[in-house]
Amino acid sequence: MRLALEAGVDSVEHGIFLDEDEAEFMKAHQVYLVPTLNAVQGIVDHGEGKIPDYMVRKASDFAQAFFKNMKLAVQRGVPFATGTDAGTPFNDFATGYWDELHLLVNKVGMAPQDVLYAATRNSADLLGVSEEYGALAAGKYADFLVLKANPLDDVDAVRQADKGVYLGGKRV
């Protein structure tokens with residue numbers, strides 16, 4: 001990971017074994033961390049008896065280091081963006097992204113507002129599309145959700161089954 005950082009990458013995906021020096025480097029150089037915690041947590045939560053035991057043990061061992069090091073990254077001010085490895089075992093396309101947001105708040109300790117920034121503004125910045133996406137502002141595409149509950153109070157509000165989804169200002 002250190003070699004990739006020194007080579008000038010824009011982001012690190014997973015970052016399971018991130019250390020303090022790497023976290024400081026990422027903060028100083030605005031390198032985004034995209035953890036995809038749900039890929040590992042799905043195996044830990046649902047893998048027993050469904051996949052080989054060694055895979056569940058490996059995921060459990062990784063999860064301990066993963067969550068510890070993501071907490072370190074938050075404490076050190078590493079910029080986060082969000083993603084998902086949806087399609088990996090027990091990481092569903094319909095819920096994987098929402099699971100990721102939940103884990104960032106409830107297992108890593110990020111504030112809901114910071115998680116929502118990671119999912120919107122920061123992700124758009126990482127992808128190089130922040131001039132057009134990532135925030136509700138004049139001149140940007142109006143892509144947004146309409147929810148019954150405030151995700152700043154409970155990030156799981158994004159799981160609402162009948163949420164309004166708008167792309168380019170039009171409900172889809």
Side-chain angles (χ1 to χ4, degrees), residues 1-48 50-130 133-135 151-152 154-159:
M1 190 167 117
R2 183 62 182 199
L3 292 174
L5 290 171
E6 290 173 0
V9 298
D10 295 322
S11 67
V12 169
E13 281 60 42
H14 307 302
I16 293 171
F17 299 109
L18 173 89
D19 65 27
E20 288 188 34
D21 289 339
E22 292 161 341
E24 292 295 335
F25 185 99
M26 291 176 76
K27 178 184 177 185
H29 294 88
Q30 275 305 107
V31 176
Y32 284 100
L33 180 58
V34 184
T36 64
L37 300 158
N38 54 346
V40 172
Q41 192 63 48
I43 294 170
V44 171
D45 291 344
H46 307 291
E48 190 172 328
K50 297 175 186 159
I51 59 175
D53 290 343
Y54 76 88
M55 292 177 74
V56 176
R57 281 192 307 275
K58 180 180 176 182
S60 294
D61 290 345
F62 272 17
Q64 290 178 27
F66 208 175
F67 289 109
K68 175 180 152 268
N69 293 333
M70 294 308 101
K71 288 177 184 179
L72 168 73
V74 170
Q75 292 166 354
R76 294 290 189 264
V78 172
F80 277 73
T82 55
T84 175
D85 279 357
T88 56
F90 317 108
N91 184 3
D92 188 272
F93 285 100
T95 61
Y97 197 74
W98 312 133
D99 294 342
E100 183 72 6
L101 303 184
H102 174 88
L103 291 168
L104 285 167
V105 170
N106 294 291
K107 291 212 56 164
V108 173
M110 285 180 76
Q113 180 172 345
D114 293 334
V115 170
L116 295 173
Y117 281 147
T120 56
R121 181 186 66 189
N122 294 3
S123 291
D125 183 54
L126 172 59
L127 294 173
V129 297
S130 59
Y133 295 95
L152 294 173
D154 180 3
V155 77
D156 286 326
V158 298
R159 293 182 187 271

### Message
Any heavy-atom pair between the side chains of D19 and M1 that's under 4.5 Å?
### Response
no
### Test item: H46 side-chain N/O and G42 main-chain N/O as donor-acceptor pair under 3.5 Å
no
### Message
Less than 4.0 angstrom from a charged side-chain N to a carboxylate O is my criterion; do R159 and D99 meet it?
### Response
yes
### Task
Side-chain contact test, heavy atoms from C-beta onward, threshold under 4.5 Å: evaluate it for Q41 versus F67 and give yes or no.
yes
### Message
For N122 versus F80, what's the shortest heavy-atom pair and its separation?
### Response
ND2-O, 2.8 Å
### Message
Under a 3.5 Å distance rule, please check whether D125 uses its side chain to pair with a backbone N or O of S130 as donor and acceptor.
### Response
no
### Task
Examine distances only and state if a side-chain atom of N38 and a backbone atom of N91 form a donor-acceptor pair shorter than 3.5 Å.
no
### Query
Do the side chains of V74 and D114 get nearer than 4.5 Å, heavy atoms only?
no
### Query
Which of parallel (below 30°), tilted (30 to 60°) and perpendicular (above 60°) describes F62 and F17?
perpendicular
### Task
Search all heavy atoms of P112 against all heavy atoms of V105 and return the closest pair with its distance.
CA-CG2, 4.0 Å
### Task
Identify whether the distance between the nearest side-chain nitrogen and carboxylate oxygen of E22 and R2 falls below 4.0 Å.
no
### Message
Given 3.5 Å as the limit, does a donor-acceptor pair link the side chain of T36 with the main chain of T84, or not?
### Response
no
### Task
Please name the pair of heavy atoms, one in F90 and one in G47, separated by the smallest distance, quoted to 0.1 Å.
CE1-CA, 3.6 Å
### Query
What pair of heavy atoms forms the shortest contact from I51 to V56, and how long is it?
CG1-CG2, 3.7 Å
### Query
Is the shortest heavy-atom distance from the side chain of K107 to the side chain of L37 under 4.5 Å?
no
### Task
Output yes when a side-chain donor or acceptor of S11 lies under 3.5 Å from a complementary backbone atom of Y32, and no otherwise.
no
